[in-house]
Amino acid sequence: MSKVIIIGASTGMGKDLAKEFATNGWEVGITARRLELLEELSREVSGKWHIKKMDAGKHNEAKAALDELIATMGGVDVVVYNAGIGDSSGQWEKENNLLQINAIGFAAISNHVFKYFKDRKQHGQIVGVSSVASQRGSRMAIGYCATKAFMSNYMEGQRQESTKKRLGITITDLRPGYIETPMTDGQKGMFWVVPSSEAARLMYKAIVNKKDVAYIPGKWRIAAWALRNAPAFFWNRV
Ligand SMILES: NC(=O)c1ccc[n+]([C@@H]2O[C@H](COP(=O)([O-])OP(=O)(O)OC[C@H]3O[C@@H](n4cnc5c(N)ncnc54)[C@H](OP(=O)(O)O)[C@@H]3O)[C@@H](O)[C@H]2O)c1
């Protein structure tokens, strides 16, 4: 039985992705801060579940919790870093918290898991839930876009390291567009919106097919290209 751990699985895409893995016969480790929601999730779909409370913004504690979870599960094949928050307030305290969870929290876990697979000479997979927002800085969410650019850039480096040294560690960068989840609840101006369950189905497919990069859904690749290539004189005035 293959084993996956999802960090940030209490709501939204992380929760639906966990269900997708369980339905497909995987042993699933789920983590988040809200333990009661994880317990609820484990009762929704039958399967082999492991639950661990984790605050991804407390980096050393999060790594220790992950190690304990891996030990309980007797190993892991795929680790998904889905934990993330949004903020567009521009207030430093909030932005700093966002950086600690979305960017530094991701690097702490991803670095740790990379070493775990490398030390064991084990073929494994690290999945980061980045965003189409990784493609360009935006006044709408300055810190958030920067954290997603950080994630995608970090994963590209890890992928190069794994490929060059033939480590057999797959790095999958998932880049959703607008998805219906608690994070986007009430958000205005969204388009091409898909339900979280549909996004999770596409994410699962990209993970098992060991994609390097996947836009969720795929048509966001076009929008990402347009974002990346929009000239600065235009983008600065949007
Ligand atoms: N929705 C979209 O349109 C969209 C688009 C592109 C990318 N994304 C990305 O997709 C990911 C999932 O977002 P979502 O839309 O599904 O939002 P969501 O429903 O709010 O889910 C966020 C998840 O992250 C967890 N989390 C937040 N802070 C955490 C922390 N400090 N430690 C551990 N877990 C933490 C939450 O669990 P607890 O609060 O229980 O800890 C929750 O399980 C995020 O990384 C987000 O940036 C979302």
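Keep in mind that the numbers below use all heavy atoms, side chains included, and drop hydrogens, waters and symmetry copies. Counting starts at 1 for both ligands and their atoms, in listed order.
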By side chain to side chain donor-acceptor pair (under 3.5 Å), which residues pair with E68, not counting sequence neighbours?
K52
Please check if any side-chain donor atom of N97 sits under 3.5 Å from a side-chain acceptor atom of E93, or the reverse.
no
Go through the steps to decide whether Y116 and H112 satisfy the test side chain to side chain contact (heavy atoms under 4.5 Å, CB included), and finish with yes or no.
CA-CA 6 Å; Y116 170 90; H112 194 62; 5.9 Å; no
Return the set of residues passing side chain to side chain donor-acceptor pair (under 3.5 Å) with R166 (not counting sequence neighbours), or none when no residue passes.
none
Assess, by modelled atom type and distance only, whether the side chains of S130 and S152 contain a donor and an acceptor separated by less than 3.5 Å.
yes
Which parts of the protein, at residue level, reach under 4.0 Å of ligand 1 through a heavy atom?
G8, A9, S10, T11, G12, M13, A32, R33, R34, M54, D55, A56, G57, N82, A83, G84, I85, I101, V129, S130, S131, Y144, K148, P176, G177, Y178, I179, T181, P182, M183, T184
Per-pair distances, 0.1 Å, donor-acceptor, side chain in residues 199-206, under 3.5 Å, sequence neighbours excluded:
| from | atom 1 | to | atom 2 | distance (Å) |
| --- | --- | --- | --- | --- |
| R201 | NE | E198 | OE1 | 3.1 |
| R201 | NH2 | E198 | OE2 | 3.0 |
| Y204 | OH | W26 | NE1 | 3.2 |

